[in-house]
Amino acid sequence: MDKRVYGVIGISSIMANWNADFSGYPKSLSDGTLFGSDKALKYPMKKMWANEGKIVLYMKSMKFSPQKDGTVTLVPNSLKERYEKLFDVDDLGKCKDAKEVLSNLMSAVDVKNFGATFAEAKNNISITGAVQFGQGINKYGDSDLETMQILSPCRDTKDAEAKNSTIGTKKIINEAHYFYPFSINPSAYKEFVALGVTDGYTEEDYLNFKRTALVAATSFSSNAKEGCQNEFALFVETKLDTYLPNLSEYISFEKTNVNKITIECNMLNELEDVLNIEIYYNPETTVLESNLQKAKTYNLITKKEV
């Protein structure tokens, strides 16, 4: 691919919890601003690729593990075990061909996009991904935390005197709108192309990334993330030697009424050396204020030009 790509992925979260910390509360900065980590966005993308049958290395998988006392427990695979399973390798520790290992890693769609840190069985490999995400900052100022009590159908067996089923809690945000900046640098793999372990980051890789980034949050359903969906996407294609800042800072957001939001990105007209701009949004829920030159707008749902 002979171009760089910069952009923004917008995720809405309505009565849901897009990215919780280990306490169950939505992640936030010290000033209370909600944010979503890059991992929260990458995971639905990796899950979507895995469901399509593509090779995804950094994905949790489970196995049964016999214990010394005769019991069998369910445990996650280690990275070494995950690699051996995906690439049909008996023992990674016995593999003496670093080129084979690196070639296998670069064939995984998540590694090809996001890179990898692989330090297993005498193989110490670091790959800086062509695709880099920033943190997704919530631009909606009226987000409120809601805590719901949940009644379990079962009682707690640890409490011998328990007569009723247990009560738990679920923490959600009434509404939030996260905007993730990203950049794609196909030159990141120039060294690996010279080593003969990959053909580099190609136009096909980019189109696969874009296809997935547009729908991954919507496609992924869990108890906490039901209510989270893709609502906006911006792709700015530039020359290889063009370096742009965080584009989410060029986008303003406001909620104009109960059923509509407004996204404005006219400041992007200040950018130079832009080859092409594509904007995806849902006209039913979003008012897009944009007079960008070279920009084409598409319906996020139908993918047809607006």
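Residues Y201 and N113 bring a donor and an acceptor atom of their side chains to less than 3.5 Å of each other. A donor-acceptor contact under 3.5 angstrom links the side chains of S143 and N138, judged on distance only. A donor-acceptor pair shorter than 3.5 Å can be found between the side chains of Q67 and S65. Residues N104 and S107 have side chains that never bring a donor and an acceptor to within less than 3.5 angstrom of each other. For the residue pair T169 and Q149, no side-chain donor N or O sits within less than 3.5 Å of a side-chain acceptor on the partner. Inspection of the Y180 and D38 side chains reveals no N or O donor paired with an N or O acceptor under 3.5 Å.
For F209 and F182, the ring centers are positioned less than 6.0 Å apart. The aromatic ring centres of F118 and Y83 sit less than 6.0 Å apart. Taking the six-membered ring for Trp and the full ring otherwise, the centers of Y43 and F220 sit less than 6.0 Å from each other.
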Worked check of salt bridge (Lys or Arg N to Asp or Glu O under 4.0 Å) between K3 and E203 = CA-CA 9 Å; K3 61 189 175 187; E203 184 73 18; 3.3 Å; yes
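A cation-pi contact links K210 to F235, judged by a cut-off of 6.0 Å to the six-membered ring centre and 45° from its axis. A cation-pi arrangement is not found for K304 relative to Y298, the charged atom failing to lie both closer than 6.0 Å to the ring centre and inside a 45° cone about the ring normal.
Between T218 and Q229, the shortest heavy-atom contact is OG1-CB, 3.4 Å.
In this structure, K85 does not pair ionically with E81, as no charged nitrogen and carboxylate oxygen lie closer than 4.0 Å.
Side-chain atoms of N51 come within 3.5 Å of backbone N or O of K47 as a donor-acceptor pair. Judged purely by atom type and a 3.5 angstrom limit, N19 uses its side chain to pair as donor or acceptor with the backbone of S37.
Relative ring orientation between W18 and Y178 is described as tilted, the plane-to-plane angle lying within the 30° to 60° band.
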